[in-house]
2 protein chains.
Amino acid sequence: MAHEDKIVEYVSRYVSLSVSEVAQLSVSFKEIKVKKRQFIVQPNFVAQHRYYVLNGAFRAYVVDDNGQDHTIAFAIDDWWITDYNSYILQQPATMFVVALEDSAVLQMDYKSEQELKSSNHKFETFFRIRAERTAAFMQQRIISNLTQTAEERFERFVEKYPLIVQRVPQYALASYLGMTTEFLSRIRNKRTTKKS
Amino acid sequence: MAHEDKIVEYVSRYVSLSVSEVAQLSVSFKEIKVKKRQFIVQPNFVAQHRYYVLNGAFRAYVVDDNGQDHTIAFAIDDWWITDYNSYILQQPATMFVVALEDSAVLQMDYKSEQELKSSNHKFETFFRIRAERTAAFMQQRIISNLTQTAEERFERFVEKYPLIVQRVPQYALASYLGMTTEFLSRIRNKRTTKKS
DNA sequence: CGAATTTCCTAAACCAGATCATTTTCTATT
DNA sequence: AATAGAAAATGATCTGGTTTAGGAAATTCG
């Protein structure tokens, strides 16, 4: 499948597109190569794009007053990423989004997205569903953070996203799950010794 | 302002409505009175409605395996509430939603919402914006939980939502902020003695 | 290749916040 | 205004997870 078509396939999971709509969608995205450690979003700049990951891995994080970073989101193949607050509300970003591997993404810019949504009810529907799913996903994470212990959060994450666990550095996963890398190391160690 | 018109005013903040659209919107909502301690969403039943609060106060919470409850959301006048995951994905709810006071709400049911959205691009836009704001709000909460101490979370909450602090019981606020009611009590006490 | 830099792991002291137990204050209802 | 029940406060103790510090392994890059 050509790269430009992956996004068509993605959107088609939610709304069925005519030939002309497919064309309109395709031209709204631009393929970009991103090198490992390169930033695609930085604090204090308004996030102008949202990104659909063709292949690679990304991490979005904030740095707190004590200089510690906290991972807000991951994205690998077929996921989306940006500083959501910044992009949606067109406010200065508070997050970094960085490539964890050499990657390829499709870049959608804010204006094109607005045009897509206002020109065609179907695209509006697509982005509405995306936003709903995003909210539902985030609510699950809030519940998980409130109700589960560090160990349970890790176990659940491994079950749900084994591919991500394999691909991201441990310090990034620890800070996503709201614990230190030392503690995650302890959990992992306990688990593997238990099994043997 | 008549109760049925409050929702028109609300939706009009995001999209401008014609006379016929106003009519269509109004009939999609039903006004309901809810007594204090009455539940409007319960676990294992699919949430059939979302609720716009005309006046009153609500609390959404989950009960974990140890029997402890965790507040997921509050809603007072002019806010929305339901079990979002259940309503959006039409899956069995995991949350309770209960009235903290005698209240009045406008009830939107799932089917009517779908019809509204598919019949008219404007309503689709409205719900898309709602979902985006919800996601942005939740992301802020995730960041706050990851980066701030219990005390900082409380201080921030007081600044942002002073009206809610005054209206909800302390144990509910503590469980929303991810701490015990005892600990919140200590924080509050420390604060007031510091000031005098 | 080999040096430098990241990443990962271990261990022990330490602390923010939880738990437990009891008392005090608030709120409803009769 | 009396009684009961729920909510909030307070003190004592405990613990899950952090901090600090160090070393081992893996990646990166000249």
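A note on names: the letters A, B, ... follow the listed sequences, proteins ahead of strands, and every chain is numbered from 1. Computed from heavy atoms alone, side chains included, the values below leave out hydrogens, waters and symmetry copies.
- Counting only N and O atoms by type, the side chains of A/Glu21 and A/Asn120 include a donor and acceptor under 3.5 Å apart.
- The cationic atom of A/Arg167 (NZ for Lys, CZ for Arg) does not lie both less than 6.0 Å from the six-membered ring centre of A/Phe74 and within 45° of the ring axis.
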Exercise for the section: Walk me through it: do A/Tyr84 and A/Arg50 pass the test side-chain contact (heavy atoms from CB on, under 4.5 Å)? Expected result: CA-CA 8 Å; A/Tyr84 200 79; A/Arg50 71 162 96 208; 4.3 Å; yes
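- Remark: of the listed residues A/Arg133, A/Lys117, A/Arg130, A/Lys117 is the sole one forming a salt bridge (Lys or Arg N to Asp or Glu O under 4.0 Å) with B/Glu132.
- Within the structure, every side-chain polar atom (N or O) of B/Gln68 is placed at least 4.0 Å from both OP1 and OP2 of C/dA18.
- Using a 3.5 Å distance cut-off with no hydrogens or angles, the side chains of B/Thr125 and A/Glu124 do pair a donor with an acceptor.
- Straight-line distance from the CG atom of A/Leu177 to the P atom of D/dG16: 18 Å, rounded to whole Å.
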Protein-nucleotides 22-28 of chain C N/O pairs closer than 3.5 Å?
residue, atom, partner, partner atom, Å
C/dA28, OP1, B/Lys36, NZ, 3.3

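- When only modelled atom types and interatomic distance are considered, A/Tyr51 and A/Trp79 share no side-chain donor-acceptor pair under 3.5 Å.
- Rounded to an integer number of Å, the gap from A/Glu152 CD to D/dG16 P is 12 Å.
- Protein atom CG of B/Leu100 is 10 Å distant from nucleotide atom P of D/dA7, rounded to whole Å.
- Here D/dT28 presents its P atom at 10 Å from CD of A/Glu101, a figure rounded to the nearest Å.
- Ion pairing between B/Glu182 and B/Arg186 fails under the 4.0 Å rule for side-chain N and carboxylate O.
- Taking side-chain N and O atoms only, B/Thr180 has no distance below 4.0 Å to OP1 or OP2 of C/dG17.
- Heavy-atom neighbours of A/Phe45 CZ from other residues, nucleotides or ligands within 6.0 Å: at or below the threshold of 12.
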Check: protein-nucleotides 8-12 of chain C nitrogen or oxygen pairs below 3.5 Å:
residue, atom, partner, partner atom, Å
C/dC8, OP1, A/Gln170, N, 3.1
C/dC8, OP2, A/Gln170, N, 2.7
C/dC8, OP2, A/Tyr171, N, 3.4
C/dC9, OP2, A/Gln170, OE1, 3.1
C/dC9, OP2, A/Gln170, NE2, 2.5
C/dT10, OP1, A/Asn189, ND2, 3.1
C/dT10, OP2, A/Asn189, ND2, 2.8

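- In this structure, the CG atom of B/Leu173 is 14 Å from the P atom of D/dA7, given to the nearest Å.
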Identify each donor-acceptor pair in which a side-chain atom of residues 156-164 of chain B lies under 3.5 Å from a protein atom, sequence neighbours left out, and give them as a table.
residue, atom, partner, partner atom, Å
B/Arg156, NH1, B/Gln148, OE1, 3.0

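- C/dA18 atom P lies 10 Å from atom CG of B/Leu184, rounded to whole Å.
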